[in-house]
Q: 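Can you read through this structure? Questions will come right after.
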Amino acid sequence: MQPARLLLADRNRHVREFLKRELETEGHTVAIARSAQEILTVLGGGEKFDLLILDLEVPYVVEANLLTQLQTFYPTLPLLIHSFQPDNPQALAAYHNAIFLEKNEDPAQLKKTVAALLKKREERHGRREWG
Amino acid sequence: MWKRLSLQSRIFILLGALILTAVAGGLVTVWHTDAIDSLVTDLINQNVASYQAAERLESSLLRQKGYVTYFSLDQDPEWLKKLEEHHQDFLVWLERAKASANNPFMSGLMEEIGEFYTKYRQGRDQVIAFYQQGQREAGAELHRQLRQQFQELFQLCDRYKLIHERRIAEAKLVSRFQAKVITHTALALIPGIAVLGLLLGYTLVKQILGPIRELLRETNPTDLANPALNEVQALSQEVHTLREDVDLAQSQLKRSQVTLVQSEKLAMVGKLAAGVAHSIRNPLTSVKMRLYSMRRLLNLTPEQQEDLEVISQEIRHIDTIVRNFLEYSRPPKLKMQQISPSTVVDWALTLLRPRLESFQVAVTVQRRQPLPEIWADPDQLKEVLVNLMVNACEAMEKNGQITIIEEEDFLAGIGRVVRIRLQDSGPGIPPAIQDKIFQPFFSSKEEGTGLGLSIAARIIEEHGGSIRMESRPGQGAAFILTLPLRKMRYGNHLNS
């Protein structure tokens with residue numbers, strides 16, 4: 001599997017750093033964001049990402065209209081929601097093309113899901129885009 | 001004015017008027033009867049006696065007639081003697097008549113009669129003297145004149161009698177007039193009494209009886225049909241019932257107010273707890289992640305290994321508390337489907353097998369045939385059963401025994417129900433805390449969150465059922481779940 005560029009957003013600094021560390025052991029490059037604005041800033045910085053790992057509890061998700069922004073400007077960017085089970089299950093329905101993974105202490109589950117998503121993307125787009 | 005008076009005043013006024021009229025009528029009658037009575041008595045006492053005297057006077061005068069003529073024919077002194085008797089008689093009656101004369105006119109008349117009689121008597125004595133002396137011519141001559149005088153005297157006496165007759169007739173007329181007055185008064189009073197009586201009756205019916213009947217018809221129409229009760233009795237019965245109802249409603253209201261305050265308090269605490277749990281969950285996850293990573297990477301001594309194990313256990317405990325708090329504050333919606341509760345019991349037992357084995361707890365299921373299918377959320381129901389069984393395991397020493405009894409029943413007011421009874425062989429629940437165990441945040445366990453049983457109770461209630469606990473110290477505890485067997489998909493939960 002080819003290493004990929006990942007953008008990771010989580011509310012908790014230690015969680016962010018831990019997950020960055022864990023994912024980097026898989027060979028990926030991981031950029032991090034603390035809030036919805038930071039996600040949009042990083043994405044707007046010209047860098048290409050293969051996957052966005054998003055904790056729904058990062059600040060300003062609703063206020064910055066993150067979902068619409070992503071769907072409008074980055075429609076091909078895969079989205080992995082890595083979060084607690086939301087209070088309102090309907091909240092997830094809006095992210096209909098995203099994958100949901102409930103947060104827990106074992107990072108293996110996250111690594112597996114990331115790998116699966118990257119593989120799917122690789123197959124769909126072919127290797128040329130990586131060249 | 002009349003309308004502004006109170007009903008009681010109106011009835012009293014009418015009643016008073018009625019009594020007054022009746023009494024006045026009676027008094028008038030008595031008074032007039034008395035007046036007539038005294039009038040008639042007067043008439044009898046005075047006029048009749050006087051009339052009698054007048055009549056006797058006249059008759060004693062009439063009897064004197066003829067004797068002088070007889071004497072002139074045979075000169076028998078016997079006639080004169082008889083004449084003298086009647087003369088005396090006349091004088092006696094004349095005196096009586098004079099005494100009974102009660103007005104100057106009559107007295108005058110009597111005086112006149114007396115004088116006239118004296119003159120007549122003198123003339124008659126002269127005639128008798130002439131006849132005795134044999135002067136028959138002179139006697140006859142004077143006798144003729146005397147007859148004329150007698151005629152006039154008789155007329156005077158007759159007149160006196162007539163006057164009496166007229167007076168009696170007048171008295172009769174007066175008494176008849178007075179009788180008429182009484183009759184008219186009585187006649188006038190009769191319609192008065194009738195009108196007042198009718199008015200009183202109308203007021204009683206319209207203002208009292210009618211409204212009472214109307215009230216009864218509104219509250220309890222069967223009372224009206226009951227012949228053993230009159231309207232007022234029926235009404236007082238109704239009022240009595242009403243008062244009891246009001247008392248009952250008041251005490252119910254008071255109770256529900258208390259419950260409301262309590263549940264409001266609980267909702268508040270629940271919200272707070274959820275907020276706390278929400279905030280704790282984030283750093284807790286971070287801790288869990290690091291701990292997990294640590295255990296994976298480190299090579300530890302047995303002591304260090306034990307320390308780390310305890311830390312992990314305690315973190316798991318915190319995690320459970322946080323999850324329970326969150327679950328309590330946001331009850332999951334029931335996903336109803338038709339399922340036999342027996343199936344759910346089996347699932348719960350499968351899930352708990354390792355735990356039951358580690359506690360060395362034996363489970364017996366008393367089931368004649370699987371329970372009928374009901375509308376329920378199997379996951380939630382399983383959660384309840386697991387929760388109850390874990391509680392039982394924790395309460396019992398090793399080698400405990402759990403008995404699950406499944407049965408069907410019919411309850412009045414609810415219909416067919418299924419019942420699952422979980423009996424353990426533990427120490428039972430002390431009476432002091434029995435009524436608190438379903439309250440949120442109440443726990444007797446060291447590691448309890450105080451939410452397990454309250455969540456279980458809520459899940460069962462949302463299924464339209466009930467949960468109940470029976471326990472006697474030393475004889476274990478039993479939790480009895482009762483769930484309605486409904487044909488329709490229906491739960492207590494709003495969206496189920």
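Fair warning: this is a prediction, and the values are worked out from it, not measured in the lab.
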Q: For B/Met289, which of A/Glu22, A/His14, A/Lys103 qualifies under side chain to side chain contact (heavy atoms under 4.5 Å, CB included)?
A: A/Lys103
Q: On a heavy-atom basis, which atom in B/Pro283 and which in A/Asn12 lie closest, and how many Å separate them?
A: CA-ND2, 3.8 Å
Q: For B/Gln313, does the CD atom have more than 12 heavy-atom neighbours from other residues, nucleotides or ligands under 6.0 Å away?
A: yes
Q: Hey, what do you get for OG (B/Ser286) to CD (A/Glu105), rounding to the nearest 0.5 Å?
A: 12.0 Å
Q: Given the rule in the side chain to side chain contact (heavy atoms under 4.5 Å, CB included) test, do B/Arg323 and A/Gln85 qualify, once you have shown the distances and angles that lead to the verdict?
A: CA-CA 11 Å; B/Arg323 264 191 289 111; A/Gln85 200 66 244; over 6 Å; no
Q: Which bit of A/Arg16 is near chain B, if near means a heavy-atom gap under 4.5 Å: side chain, backbone, both or neither?
A: neither
Q: Could you have a look at A/Asn104, A/Val15, A/Asp10, A/Leu19 and say which one has the most heavy-atom pairs with chain B under 4.5 angstrom?
A: A/Val15
Q: Yes or no on salt bridge (charged side-chain N to carboxylate O under 4.0 Å, His left out) for B/Arg281 and A/Glu102, after CA distance, side-chain angles and deciding distance?
A: CA-CA 13 Å; B/Arg281 192 170 55 166; A/Glu102 189 173 0; over 6 Å; no
Q: Are B/Arg290 and A/Phe18 in a cation-pi setup, meaning NZ or CZ lies under 6.0 angstrom from the ring centre and within 45 degrees of the ring axis?
A: no
Q: When rounded to the nearest 0.5 angstrom, what is the spacing between CG in B/Asn282 and CZ in A/Phe84?
A: 6.0 Å
